[in-house]
Amino acid sequence: MKVAVIGTGYVGLTTAVSLAMHGHEVVGVDLVEAKIATLKQGLSPIYEPGLENALVQVLQQGILTFSTDLKDAKDSEVLFVCVGTPEAADGTADLSYLLASISDIGVLHNNNPMVRTVVIKSTVPVGTGDRVAALLEDGQSLFVVSNPEFLREGNALADALKPSRIVIGANQQAARAVMERLYEGVAAPRVITTRANAELIKYASNAFLATRISFMNELSRLSSVLGTDILTVAQGMGLDSRIGPEFLRAGVGYGGSCFPKDTIALLQLAQEKGVSLSLLDKVREVNRSQPVWFMQQVRKHIPDLKDKQIALLGLAFKPDTDDIREAPSLTIIEELKKSGAEIRAYDPIAAPAVQKLHPEVTYFDTPEEACKGAHAALLITEWKECIQLPWSVIHANMAQPALFDGRNAWPVNEVREAGFHYTGVGRS
């Protein structure tokens, strides 16, 4: 099929590449000329494992092209909308990029009429698909579908090629048939439903996963007082088939582009409808306070951080991505600055992005260099480069051998045997 993908960010680029790999003829459209020029050279503007190699392959095959002009997609049967829906000042989803894209599609369709399906992949409030359908007069030669993405940054391409499920929200059988054709070669469970249901499935999924993380983070605070080990507790919980092991890891909090903005957008939607989601409100409160709680554990061991050298290992919100949106590291940097500490940081990918925000931090090319002369090392992102370390060398070069494991990823027995003071999140 001939497909257009509007927006070439994390979701859009991954969607375009994966659809091309499934044999469709795809054109990626973005207004940012510099980004399109980069993509045409086979260079990905984002860091995502395997994505750039796959991009080069489909470009060379001629099944993926890029343009800054939607007119180059005039023959596309399916148009995916993958633009950003960032958090507005009031917490609601900002739909300005999406509505601008829909306006452009309307003009394209009027000038080049044919049967088309517009697929909203961006995360949008419930009712957006119906709103777009009204704008585009859905149901004649043009159909509107909600097809939310469930991509994990750091694993996005694999998730796009082999999705956990495909949710298709469409109000006409003809639109559903188009989507089934599009995904014909993809083996994944289907949920065929209304646009509104599909939109809520996306928000509900992210809100529930955020709830599991915040529950474990709050439980870790109790565990640290009781002298229990949150890892063992999580293992015992996860073996219950009603619970499962995923998203039970305590740490310094979640970040990224999805969980923070999607939970607040769902809360705002509920408030507009006069419904209280007090549990989700608490989830956000716990997440906001978790990095601050973690810093309290650091201050228990080092009460006066003024002029102390503190090494931060990892800055991205999770490994295998350069995304620092809502990253816990940013809160921890602010806490350390308020305390007068000297910050030494390492991240194999995300350091340049943080450096733009915090040029006063000193950045290093290796974890060993960041730890040299430090009075404490804090693991913020569990990059393999930050976990597999020469502990005897690190110990010898630190001013004070104190480790604070914000991801419970360091080998606790090994580092204690090497002579470190070790503090995890909710670990005995």
Side-chain angles (χ1 to χ4, degrees), residues 5-18 28 30 32 35 44-49 51 80-98 101 120-125 128 146-160 163-164 167 199 201-214 247 251-269 280 283-284 287-288 290-291 314-331 347 349-350 352-354 356-357 380-381:
V5 176
I6 303 171
T8 57
Y10 279 95
V11 174
L13 181 56
T14 305
T15 298
V17 170
S18 63
D30 202 295
V32 182
K35 184 189 288 189
S44 173
I46 58 173
Y47 178 80
E48 187 64 42
L51 183 60
F80 278 87
V81 180
C82 302
V83 297
T85 53
E87 182 182 332
D90 62 356
T92 60
D94 179 356
L95 299 181
S96 58
Y97 300 114
L98 182 132
S101 298
I120 301 175
K121 210 156 194 59
S122 303
T123 302
V124 294
T128 302
S146 175
N147 177 220
E149 54 83 15
F150 301 99
L151 307 178
R152 297 167 295 168
E153 289 186 38
N155 206 55
L157 184 59
D159 288 344
S164 60
V167 176
E199 289 162 346
I201 285 169
K202 170 62 176 179
Y203 274 117
S205 298
N206 281 352
F208 185 70
L209 294 175
T211 300
R212 286 173 69 104
I213 294 170
S214 283
F247 288 84
V252 288
Y254 60 75
S257 64
C258 293
F259 290 1
K261 79 175 180 67
D262 290 354
T263 51
I264 187 63
L266 189 55
L267 282 165
Q268 288 294 331
L269 178 63
L280 194 57
V283 166
R284 282 182 53 78
N287 193 64
R288 283 195 302 266
Q290 188 69 4
L315 298 168
F317 89 94
K318 63 180 290 189
D320 295 322
T321 180
D322 57 354
D323 197 345
I324 62 167
R325 286 174 288 185
E326 304 288 340
S329 64
L330 301 181
T331 301
D347 189 290
I349 300 295
V354 177
K356 291 177 182 177
L357 300 175
I380 309 302
T381 314

Interatomic spacing from [atom1] in [X] to [atom2] in [Y] - rounded to 0.5 Å:
{"X": "S205", "Y": "F150", "atom1": "OG", "atom2": "CZ", "answer": "5.0 Å"}
{"X": "L95", "Y": "S101", "atom1": "CG", "atom2": "OG", "answer": "11.0 Å"}
{"X": "K121", "Y": "L151", "atom1": "NZ", "atom2": "CG", "answer": "7.0 Å"}
{"X": "Y47", "Y": "I349", "atom1": "OH", "atom2": "CD1", "answer": "4.5 Å"}
{"X": "T263", "Y": "Y203", "atom1": "OG1", "atom2": "OH", "answer": "10.0 Å"}
{"X": "L280", "Y": "D262", "atom1": "CG", "atom2": "CG", "answer": "10.5 Å"}

Give me the atom names and distance for the closest heavy-atom approach of [X] to [Y].
{"X": "S44", "Y": "L13", "result": "OG-CD2, 3.6 Å"}
{"X": "Q290", "Y": "G251", "result": "NE2-O, 2.9 Å"}
{"X": "E199", "Y": "V124", "result": "OE2-CG2, 3.8 Å"}
{"X": "A316", "Y": "A327", "result": "C-CB, 4.3 Å"}
{"X": "A210", "Y": "V283", "result": "O-CG1, 3.6 Å"}

Using side-chain heavy atoms (C-beta onward) and a distance below 4.5 Å, is [X] in contact with [Y]?
{"X": "I324", "Y": "L357", "value": "yes"}
{"X": "V167", "Y": "K202", "value": "no"}
{"X": "S257", "Y": "V11", "value": "no"}

#### Entry: Derivation and outcome, side chain to side chain contact (heavy atoms under 4.5 Å, CB included), residues V83 and I6
CA-CA 7 Å; V83 297; I6 303 171; 4.2 Å; yes
### Neighbour count above 12 (heavy atom, 6.0 Å) for Y97 OH
no
Donor-acceptor contact present, side-chain [X] to main-chain [Y], <3.5 Å:
{"X": "S18", "Y": "T15", "answer": "yes"}
{"X": "E48", "Y": "T321", "answer": "no"}
{"X": "D30", "Y": "T8", "answer": "yes"}

### Task
For T123 and K261, run side chain to side chain contact (heavy atoms under 4.5 Å, CB included): C-alpha distance rounded to whole Å, both residues' side-chain angles, the deciding distance at 0.1 Å, then the answer.
CA-CA 10 Å; T123 302; K261 79 175 180 67; 4.1 Å; yes
### Message
Applying side chain to side chain contact (heavy atoms under 4.5 Å, CB included) to L51 and T14, what does each step give before you reach the verdict?
### Response
CA-CA 7 Å; L51 183 60; T14 305; 4.2 Å; yes
#### Entry: Those residues that, when tested against F259, pass ring pair (Phe, Tyr, Trp, His ring centres under 6.0 Å) (two or more places apart)
Y254
### Query
For P328, which of N287, V252, T381, L315 qualifies under side chain to side chain contact (heavy atoms under 4.5 Å, CB included)?
V252
### Task
Keeping to residues at least two apart or across chains, list the salt bridge (Lys or Arg N to Asp or Glu O under 4.0 Å) pairs with something in residues 321-331.
E153-R325, D323-R325
